[in-house]
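Step one of this worksheet: look at the structure below.
As a basis for the values below, the full set of heavy atoms in this structure was taken, side chains included, without hydrogen atoms, waters or symmetry mates.
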Amino acid sequence: MQNQVLILDFGSQYTQLIARRVRELNIYSEIKPYNNPPKNLSDYQAVILSGSPYSVRADDAPHPDLSEIKGKIPLLGICYGAQYLSHFHGGNVAPSATREYGRANLDKIKPNEDFLNGISGGSQVWMSHSDTIKELPTGAVLLASTQDVENAAFRIEDEDTYGIQFHPEVYHTKDGKRLLENFLVKIAGLKQDWTPDAFVETTIKELKEKIGGDNVILGLSGGVDSSVAAMLLHKAIGKQLHCIFVNNGLLRKNEFHDVLEQYKDMGLNVKGVDASARFLDALKGEADPEKKRKIIGRVFIEVFDDEAHKVENATWLAQGTIYPDRIESVSASGGPSATIKSHHNVGGLPDYMKLNVVEPLHLLFKDEVRRVGKSIGMKASILGRHPFPGPGLGIRILGDITAEKVAILQEVDAIFINGLKEYGLYDNVWQAGAMLLPVQSVGVMGDERTYEKCVALRAVESTDGMTADWVNLPYEFLQRISNTIINRVKGVNRVVYDISSKPPATIEWE
């Protein structure tokens, strides 16, 4: 791929949003850590430097070598990236005299600049920094200011090098997408041709070349990611794909049977494996969230190792890993951002398992996966299914896991999800589920005292799972669902609704 953008990550919480905004322009982008950039920079037509929690003035600040980029490839520095261009190229960066965080408005916009085409005075931007650029780098031309930030945007004469002190990738910068399009299309000359159809064509070709005549085992979960991955592989290698749907004992109510039937209708070669007892035995007595994830991941791999020996010439394990999984687990390709949590299908295979890993979706965000699925003709009922975590209810049961707790949560979850569908709310929610809390509370039922469990309902709206807001579900709906759960599910006497957004919370509780 020659038509692509490199984003060098300095540890900003917004780095992944930069990639998303670029891709929304139908331009492919990928994130690489600043301290381990690609060796072949000729593959990229533009480079973006992210923000960072560091100060460029600190001794331990990220300090990449830009000698093969600056002045040679169109370059945009955002926040820390702009300060870096100034600090190390003849300018001056110092602590801000006033707080520079939140909304601001551009003014003193230099006219007739391609970079600011279509952006007028007063355009709202989002600031998030403690340092400020006091003096521009050598050869720089001031492009825009705000009331508190004189050097809010600049370019370097005789180079396609730009710097901005604000964040165009966040929602609060109203013309952020236009600014990125100006830089990438008008200045860098990139083509806006990275579409779902193009991805499908390229991916199928690559899968054919990579896999050849080998057989592939794929773990289906019933979710969007593994389903789309399966159909891409099916189109690429046909009967060489052997799908396995594992019942880990942590699925939703009736899901094992229902999903198997769904996949058979799609023409996939699917085998159902009931390993629920194996998973529950391995999880017995374990309450630590990270350890539970790792146990589920380990047993998941063990089950596949057993099944792999039953498939002749099986040399590949396919997974539906997507970009947010990898970002949260291994921090943007090993970069400086914080690791959030482990994902059961991220991190490679144990030495004893002699299978190579193929991940057709590992560079896609969730909404991109759905668009790819639509491009290859998959049903809306499958593509519109809410995300469900790989570890299943195992990370929605806080504390240790027992068969009894799983049964309780399955009933609660079924009432909640079916209720969303009955009320016409399901498609307005990105992800929903119930959590079984490790507490009991006093209640009154039929004039008798009860001391039973509490469940938390969670419903969020999001685009890709990297950020999410809680959904303001109607009180009437919540009241009915709460009453139904307490009346029908023995062992539960209290229902609460989670109104936390991501960040600071995550979507799942563990």
Between Ala432 and Ile417, the two heavy atoms sitting closest are O-CD1, 3.8 Å
Side chain to side chain donor-acceptor pair (under 3.5 Å) with Asp225: of Arg370, Gln319, Lys366, only one passes, and it is Lys366
Is the shortest side-chain N to carboxylate O distance from Glu24 to Arg21 below 4.0 Å? yes
**Message:** Are more than 12 heavy atoms, taken from residues, nucleotides or ligands other than Glu476, located less than 6.0 Å from that residue's CD atom?
**Reply:** no
*Heavy-atom distance under 4.5 Å between the side chains of Phe300 and Pro391, does that happen here?*
no
>> Taking Gln83's backbone N and O only, do any of them form a donor-acceptor pair with His87's side chain (distance below 3.5 Å, no angle check)?
In response: no
message = I'd like to know if the side chain of Gln124 reaches the main chain of His172, judged simply by a donor and an acceptor atom lying under 3.5 Å from each other, with no hydrogens or angles considered.
response = yes
In this structure, CD1 of Ile31 is separated from CD1 of Ile48 (nearest 0.5 Å) by 10.0 Å
Ignoring hydrogens and angles, state whether a donor on the side chain of Thr146 or Asp148 is under 3.5 Å from an acceptor on the partner side chain. no
Exercise for the section: Inspect the surroundings of CZ in Arg371 and state if more than 12 heavy atoms from other residues, nucleotides or ligands are less than 6.0 Å away. Expected result: yes
* Apply side chain to side chain contact (heavy atoms under 4.5 Å, CB included) to Leu85 and Leu66, showing your working. => CA-CA 9 Å; Leu85 291 173; Leu66 300 180; 4.1 Å; yes
The side chain to side chain donor-acceptor pair (under 3.5 Å) partner of Gln431 among Glu508, Arg458, Arg385, Glu461 is Glu508
| task | Give a yes or no answer on whether the side chain of Trp316 reaches the backbone of Val216 with a donor-acceptor pair at less than 3.5 Å. | result | no
So the side-chain hydrogen bond (donor to acceptor under 3.5 Å, both in side chains) pairs with at least one residue in residues 373-383 (sequence neighbours excluded) are Asp197-Ser375
Between Glu157 and Gly139 (side chain of the first, backbone of the second, donor and acceptor by atom type, cut-off under 3.5 Å), is there such a pair?
no
**Request:** For side chain to side chain contact (heavy atoms under 4.5 Å, CB included), just list the numbers for Asn151 and Leu142, CA-CA rounded to whole Å, side-chain angles, deciding distance to a tenth of an Å, and then say yes or no.
**Result:** CA-CA 7 Å; Asn151 298 311; Leu142 180 63; 3.6 Å; yes
- For the residue pair Ile69 and Tyr44, establish whether any side-chain heavy-atom pair is separated by less than 4.5 Å. no
Taking every heavy atom of Trp126 against every heavy atom of Thr173, the minimum-distance pair comes out as N-OG1, 3.0 Å
Derivation and outcome, side chain to side chain contact (heavy atoms under 4.5 Å, CB included), residues Leu17 and Val170:
CA-CA 7 Å; Leu17 288 180; Val170 302; 4.3 Å; yes
Heavy-atom nearest pair, Leu218 first then Leu233, reads CD1-CD1, 3.4 Å
Report the relative orientation of the aromatic rings in Tyr14 and His167; use parallel for angles under 30°, tilted for 30 to 60°, perpendicular for over 60°.
perpendicular
Applying side chain to side chain contact (heavy atoms under 4.5 Å, CB included), run through Leu6 and Leu8 and close with a yes or a no.
CA-CA 6 Å; Leu6 170 64; Leu8 289 181; 4.1 Å; yes
N/O donor-acceptor pair under 3.5 Å between Ser226 side chain and Ser221 backbone = yes
The reported gap from OG in Ser86 to CD1 in Ile133 (rounded to nearest 0.5 angstrom) is 3.5 Å
Between Arg23 and the options Glu30, Glu368, Glu169, the salt bridge (charged side-chain N to carboxylate O under 4.0 Å, His left out) test singles out Glu368
Whether Trp194 and Tyr28 hold their rings parallel, tilted or perpendicular, with breakpoints at 30° and 60°:
tilted
Side chains of Leu363 and Phe199: closer than 4.5 Å at any heavy-atom pair?
no
Salt-bridge present (Glu150, Lys108; N to O < 4.0 Å): yes
**Report entry** Side-chain heavy-atom pair Arg396, Asp413 within 4.5 angstrom cut-off
**Finding:** yes
- request: Using atom types as modelled and distance alone, determine if a side-chain donor or acceptor of Lys292 lies under 3.5 Å from a backbone N or O of Ile397.
  value: yes
Looking at side-chain heavy atoms only, is the closest gap between Leu436 and Leu393 below 4.5 Å? no
Heavy-atom nearest pair, Gly51 first then Ser12, reads O-CB, 3.2 Å
Is the count of non-hydrogen atoms from other residues, nucleotides or ligands lying under 6.0 Å from Glu201 atom CD greater than 12?
no
* Does a sphere of radius 6.0 Å around NZ in Lys210 hold more than 12 heavy atoms from other residues, nucleotides or ligands, not counting ones at 6.0 Å or beyond? -> no
Lys110 vs Leu143 side-chain heavy atoms within contact, under 4.5 Å: yes
Arg155 side chain to Val141 backbone, donor-acceptor under 3.5 Å: no
- Is the shortest heavy-atom distance from the side chain of Leu364 to the side chain of Val372 under 4.5 Å? yes
query: Under 4.0 Å between a Lys/Arg side-chain N and an Asp/Glu carboxylate O for Arg480 and Glu422?
result: yes
The reported gap from NE2 in His386 to CZ in Arg252 (rounded to nearest 0.5 angstrom) is 8.0 Å
Donor-acceptor check, side chain of Thr506 to backbone of Lys502, threshold 3.5 angstrom: yes or no?
no
Applied to residues 132-154, the ring-ring contact (aromatic ring centres under 6.0 Å, His included) test, sequence neighbours excluded, yields none
Rounded to the nearest 0.5 angstrom, the CG-CG distance for Asp160 and Leu76 is 11.5 Å
Fill in: Side-chain donor/acceptor of Ser50 to backbone N/O of Phe10, under 3.5 Å
yes
Closest non-hydrogen contact found for Ala46 with Leu184 is CB-CD2, 3.9 Å
The reported gap from OH in Tyr162 to CG in Asp114 (rounded to nearest 0.5 angstrom) is 6.5 Å
### Test of ring centre spacing under 6.0 Å for Tyr84 and His63
yes
Main-chain N/O of Glu510 paired to Arg293 side chain as donor or acceptor, under 3.5 Å:
yes
Nearest heavy-atom approach of Pro95 to Lys134 is O-CE, 4.3 Å
Side-chain heavy-atom pair Trp430, Asp469 within 4.5 angstrom cut-off
no
Sorted by chain and number, sequence neighbours left out, side-chain contact (heavy atoms from CB on, under 4.5 Å) with Phe477 holds for Phe416, Leu420, Tyr423, Leu425, Leu473, Pro474, Ile481
Taken to the nearest 0.5 Å, the spacing of His234 NE2 from Leu268 CG works out to 6.0 Å
